[in-house]
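Just the heavy atoms: all of them, side chains too, but no hydrogens, waters or symmetry mates, feed the values below.
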Amino acid sequence: MSTEGSGHGDPRHADRQARWQARYTELSGSALPPVHDLLQAWVRAPQQGTALDLACGRGQDALYLARCGYVTEAWDTAEAAIAALRPLAAGVALHAEVRDVLRAPPKEQSYDCIHVANFMARPIFSRLVAALRSGGLLVYATWCGSYRGRGPRDPDFRAGPGELATAFAALTCLYYQEDEERVAGVWRRPQ
(Lines give C-alpha, C1' and ligand atoms only; values in the text may rest on other atoms or scores of the structure.)
Protein backbone atom coordinates (compact mmCIF):
# COMPACT_ATOMS: atom_id res chain seq x y z
CA MET A 1 0.00 0.00 0.00
CA SER A 2 1.75 3.11 -1.09
CA THR A 3 -0.68 5.91 -0.53
CA GLU A 4 -2.69 4.96 2.51
CA GLY A 5 -1.93 3.36 5.83
CA SER A 6 -3.73 0.36 7.17
CA GLY A 7 -5.85 -0.15 10.23
CA HIS A 8 -6.89 -3.66 11.07
CA GLY A 9 -9.84 -2.61 13.23
CA ASP A 10 -11.02 -0.38 10.38
CA PRO A 11 -13.71 -1.98 8.18
CA ARG A 12 -12.24 -0.08 5.21
CA HIS A 13 -8.97 -2.05 5.48
CA ALA A 14 -10.05 -4.94 3.20
CA ASP A 15 -11.40 -2.49 0.62
CA ARG A 16 -8.10 -0.57 0.55
CA GLN A 17 -6.16 -3.82 0.26
CA ALA A 18 -8.29 -4.97 -2.68
CA ARG A 19 -8.00 -1.56 -4.37
CA TRP A 20 -4.18 -1.54 -4.15
CA GLN A 21 -3.97 -5.15 -5.29
CA ALA A 22 -6.11 -4.34 -8.34
CA ARG A 23 -4.13 -1.18 -9.08
CA TYR A 24 -0.75 -2.94 -9.02
CA THR A 25 -2.13 -5.82 -11.08
CA GLU A 26 -3.30 -3.28 -13.67
CA LEU A 27 0.13 -1.59 -13.75
CA SER A 28 2.07 -4.86 -14.06
CA GLY A 29 4.42 -4.69 -17.04
CA SER A 30 4.24 -0.91 -17.41
CA ALA A 31 7.28 1.33 -16.94
CA LEU A 32 8.18 2.21 -13.37
CA PRO A 33 7.59 5.78 -12.22
CA PRO A 34 10.68 7.92 -11.57
CA VAL A 35 12.60 7.65 -8.32
CA HIS A 36 11.40 10.22 -5.78
CA ASP A 37 13.40 13.45 -6.04
CA LEU A 38 13.92 13.73 -2.29
CA LEU A 39 15.53 10.29 -2.17
CA GLN A 40 17.85 11.08 -5.08
CA ALA A 41 18.84 14.39 -3.49
CA TRP A 42 19.86 12.81 -0.17
CA VAL A 43 21.08 9.32 -1.07
CA ARG A 44 23.77 8.75 -3.66
CA ALA A 45 26.12 5.92 -4.47
CA PRO A 46 28.25 4.51 -3.07
CA GLN A 47 26.49 3.48 0.12
CA GLN A 48 27.03 0.69 2.62
CA GLY A 49 24.74 -0.92 5.13
CA THR A 50 21.06 -1.76 5.01
CA ALA A 51 18.00 0.11 3.78
CA LEU A 52 14.24 -0.31 3.98
CA ASP A 53 11.73 1.03 1.47
CA LEU A 54 8.51 0.91 3.47
CA ALA A 55 5.23 0.65 1.51
CA CYS A 56 7.42 0.33 -1.56
CA GLY A 57 4.66 0.11 -4.13
CA ARG A 58 6.17 -0.71 -7.52
CA GLY A 59 9.68 -0.56 -6.06
CA GLN A 60 11.48 2.11 -8.05
CA ASP A 61 12.87 3.65 -4.86
CA ALA A 62 13.92 0.28 -3.43
CA LEU A 63 15.77 -0.50 -6.67
CA TYR A 64 17.49 2.89 -6.44
CA LEU A 65 18.60 2.22 -2.85
CA ALA A 66 19.99 -1.18 -3.85
CA ARG A 67 21.80 0.29 -6.86
CA CYS A 68 23.37 2.87 -4.54
CA GLY A 69 24.92 -0.02 -2.61
CA TYR A 70 22.53 -0.68 0.25
CA VAL A 71 21.39 -4.21 1.03
CA THR A 72 17.72 -3.30 0.67
CA GLU A 73 14.41 -4.63 1.89
CA ALA A 74 11.20 -3.56 0.14
CA TRP A 75 7.91 -4.09 1.96
CA ASP A 76 4.36 -3.67 0.74
CA THR A 77 1.05 -5.34 1.56
CA ALA A 78 0.03 -5.65 -2.10
CA GLU A 79 1.12 -9.04 -3.40
CA ALA A 80 0.90 -7.84 -7.02
CA ALA A 81 3.39 -5.05 -6.34
CA ILE A 82 5.91 -7.40 -4.71
CA ALA A 83 5.45 -10.07 -7.40
CA ALA A 84 6.22 -7.50 -10.11
CA LEU A 85 9.26 -6.15 -8.22
CA ARG A 86 10.99 -9.46 -7.56
CA PRO A 87 12.19 -10.11 -11.14
CA LEU A 88 13.40 -6.50 -11.40
CA ALA A 89 15.57 -7.07 -8.32
CA ALA A 90 17.75 -9.68 -10.05
CA GLY A 91 21.40 -8.69 -9.81
CA VAL A 92 21.01 -6.24 -6.91
CA ALA A 93 20.89 -6.79 -3.15
CA LEU A 94 17.13 -6.37 -2.84
CA HIS A 95 14.65 -8.56 -0.99
CA ALA A 96 10.99 -7.76 -1.73
CA GLU A 97 8.47 -8.98 0.83
CA VAL A 98 4.71 -8.89 1.30
CA ARG A 99 4.53 -7.48 4.80
CA ASP A 100 2.09 -5.50 6.89
CA VAL A 101 4.19 -3.05 8.87
CA LEU A 102 1.55 -2.65 11.58
CA ARG A 103 1.60 -6.36 12.34
CA ALA A 104 5.34 -6.78 11.77
CA PRO A 105 7.16 -3.46 12.23
CA PRO A 106 10.89 -3.11 11.64
CA LYS A 107 13.21 -4.33 14.37
CA GLU A 108 15.21 -1.88 16.46
CA GLN A 109 18.50 -0.61 15.05
CA SER A 110 18.14 -2.59 11.82
CA TYR A 111 18.64 0.02 9.08
CA ASP A 112 21.08 2.66 7.95
CA CYS A 113 18.42 4.24 5.73
CA ILE A 114 14.62 4.09 5.78
CA HIS A 115 12.57 5.55 2.95
CA VAL A 116 8.81 6.14 3.13
CA ALA A 117 6.78 7.81 0.39
CA ASN A 118 3.03 8.40 0.19
CA PHE A 119 2.19 6.35 3.26
CA MET A 120 0.81 7.30 6.66
CA ALA A 121 0.64 4.91 9.58
CA ARG A 122 1.01 6.94 12.74
CA PRO A 123 1.36 3.90 15.03
CA ILE A 124 4.76 3.11 13.52
CA PHE A 125 6.40 6.53 13.77
CA SER A 126 8.26 5.64 16.96
CA ARG A 127 9.17 2.24 15.51
CA LEU A 128 10.80 3.94 12.51
CA VAL A 129 12.95 6.05 14.83
CA ALA A 130 13.94 2.95 16.81
CA ALA A 131 14.69 0.98 13.62
CA LEU A 132 17.42 3.41 12.56
CA ARG A 133 20.98 2.61 13.48
CA SER A 134 23.25 5.31 14.87
CA GLY A 135 23.79 7.85 12.09
CA GLY A 136 20.92 6.34 10.07
CA LEU A 137 18.87 8.41 7.64
CA LEU A 138 15.06 8.67 7.45
CA VAL A 139 13.70 10.06 4.17
CA TYR A 140 9.93 10.61 4.38
CA ALA A 141 7.51 12.31 1.98
CA THR A 142 3.73 12.11 1.98
CA TRP A 143 0.46 13.94 1.55
CA CYS A 144 -0.66 16.55 4.05
CA GLY A 145 -3.39 19.06 4.71
CA SER A 146 -6.89 18.91 3.29
CA TYR A 147 -7.72 16.97 0.15
CA ARG A 148 -7.30 19.18 -2.92
CA GLY A 149 -7.88 16.66 -5.69
CA ARG A 150 -4.70 14.58 -5.28
CA GLY A 151 -3.69 11.82 -2.89
CA PRO A 152 -5.95 10.15 -0.35
CA ARG A 153 -9.26 11.78 0.51
CA ASP A 154 -9.35 10.34 4.02
CA PRO A 155 -7.67 12.75 6.48
CA ASP A 156 -6.38 9.73 8.45
CA PHE A 157 -3.91 9.21 5.61
CA ARG A 158 -2.75 12.82 5.33
CA ALA A 159 -0.29 14.43 7.76
CA GLY A 160 -1.49 17.32 9.84
CA PRO A 161 0.41 20.63 10.10
CA GLY A 162 3.84 19.99 11.59
CA GLU A 163 2.96 16.36 12.35
CA LEU A 164 6.06 14.76 10.81
CA ALA A 165 8.36 17.34 12.39
CA THR A 166 6.89 16.49 15.78
CA ALA A 167 6.84 12.73 15.18
CA PHE A 168 10.55 12.65 14.38
CA ALA A 169 11.73 15.32 16.84
CA ALA A 170 14.09 12.80 18.49
CA LEU A 171 16.08 12.78 15.24
CA THR A 172 18.24 15.55 13.81
CA CYS A 173 16.31 17.33 11.06
CA LEU A 174 18.43 17.87 7.94
CA TYR A 175 15.64 19.05 5.65
CA TYR A 176 11.94 19.81 6.06
CA GLN A 177 9.40 21.31 3.68
CA GLU A 178 5.65 21.47 4.07
CA ASP A 179 3.04 23.10 1.86
CA GLU A 180 -0.72 22.75 1.38
CA GLU A 181 -0.51 19.25 -0.15
CA ARG A 182 2.90 17.71 0.52
CA VAL A 183 5.31 17.31 3.40
CA ALA A 184 8.84 16.00 3.05
CA GLY A 185 11.70 15.65 5.45
CA VAL A 186 15.08 14.06 5.99
CA TRP A 187 16.27 13.18 9.49
CA ARG A 188 19.39 11.53 10.89
CA ARG A 189 19.61 9.49 14.07
CA PRO A 190 22.30 11.02 16.28
CA GLN A 191 25.50 8.99 16.63
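Hydrophobic clustering of Ile, Leu, Val, Met, Phe, Trp and Tyr side chains at less than 4.5 Å, counting indirect connections, keeps L164 apart from Y175. Put simply, M120 and F168 are part of the same group of oily side chains (I, L, V, M, F, W, Y) that touch within less than 4.5 Å, one to the next. Residues V183 and V139 do not share a hydrophobic cluster, clusters being chains of Ile/Leu/Val/Met/Phe/Trp/Tyr side chains in contact below 4.5 Å.
When every heavy atom of W143 is checked against every heavy atom of P152, the shortest pair comes out as CD1-CD, 3.3 Å. When all heavy atoms are compared, the tightest approach of A93 to A66 is O-CB, 3.8 Å. Among all heavy-atom pairs drawn from E178 and C144, the shortest one is CG-SG, 4.1 Å. Here the closest heavy-atom approach between residue G57 and residue A81 is recorded as O-CB, 3.3 Å. Looking at every heavy atom in both residues, D112 comes nearest to G49 through OD2-CA, 3.1 Å.
Classified by interplanar angle (parallel below 30°, tilted 30° to 60°, perpendicular above 60°), the ring pair Y140/F125 is perpendicular. Using bins of under 30°, 30° to 60° and over 60° for the plane-to-plane angle, the ring pair W75/Y111 lands in the perpendicular bin.
Note that OG1 of T77 and CD of E97 are 12.0 Å apart. Values are rounded to the nearest 0.5 Å. Atoms CG and CH2, on L138 and W42 in that order, are 12.0 Å from each other to the nearest 0.5 Å. For the atom pair SG of C113 and CZ of R188, the computed distance is 9.0 Å after rounding to the nearest 0.5 Å. With rounding to the nearest 0.5 angstrom, the CZ atom of R182 is 14.0 Å from the CZ atom of R148. Once rounded to the nearest 0.5 Å, the distance linking CD of E73 with CG of L94 reads 9.5 Å. Residue L52 holds its CG atom at 11.0 Å from NE2 of H95, rounded to the nearest 0.5 Å.
Counting heavy atoms from C-beta on, the side chains of L102 and P123 come closer than 4.5 Å. Side-chain contact between V43 and L65: present, with at least one pair of heavy atoms (C-beta onward) separated by less than 4.5 Å.
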Report task. Show your reasoning for whether salt bridge (charged side-chain N to carboxylate O under 4.0 Å, His left out) applies to E108 and R127. Result -> CA-CA 7 Å; E108 288 187 22; R127 300 298 291 263; 6.0 Å; no
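A donor-acceptor contact closer than 3.5 angstrom is absent between the side chains of Y147 and E181. Donor-acceptor pairing under 3.5 Å is lacking for the side chains of R189 and T172. A side-chain donor from one of R133 and T50 sits under 3.5 Å from a side-chain acceptor of the other.
Side-chain atoms of R58 never come within 3.5 Å of backbone atoms of I82 as a donor-acceptor pair (strictly under, hydrogens ignored).
Under a cut-off of 6.0 angstrom, the local environment of CZ in R44 is sparse, with at most 12 non-hydrogen atoms contributed by other residues, nucleotides or ligands. For D37, the CG atom sits in a loose shell: 12 or fewer heavy atoms of surrounding residues, nucleotides or ligands are nearer than 6.0 Å.
The only option from L128, V129, L137, V186 that meets the side-chain contact (heavy atoms from CB on, under 4.5 Å) definition with L171 turns out to be V129. The one candidate from T72, V35, L85, D53 that meets the side-chain contact (heavy atoms from CB on, under 4.5 Å) condition with L63 is L85.
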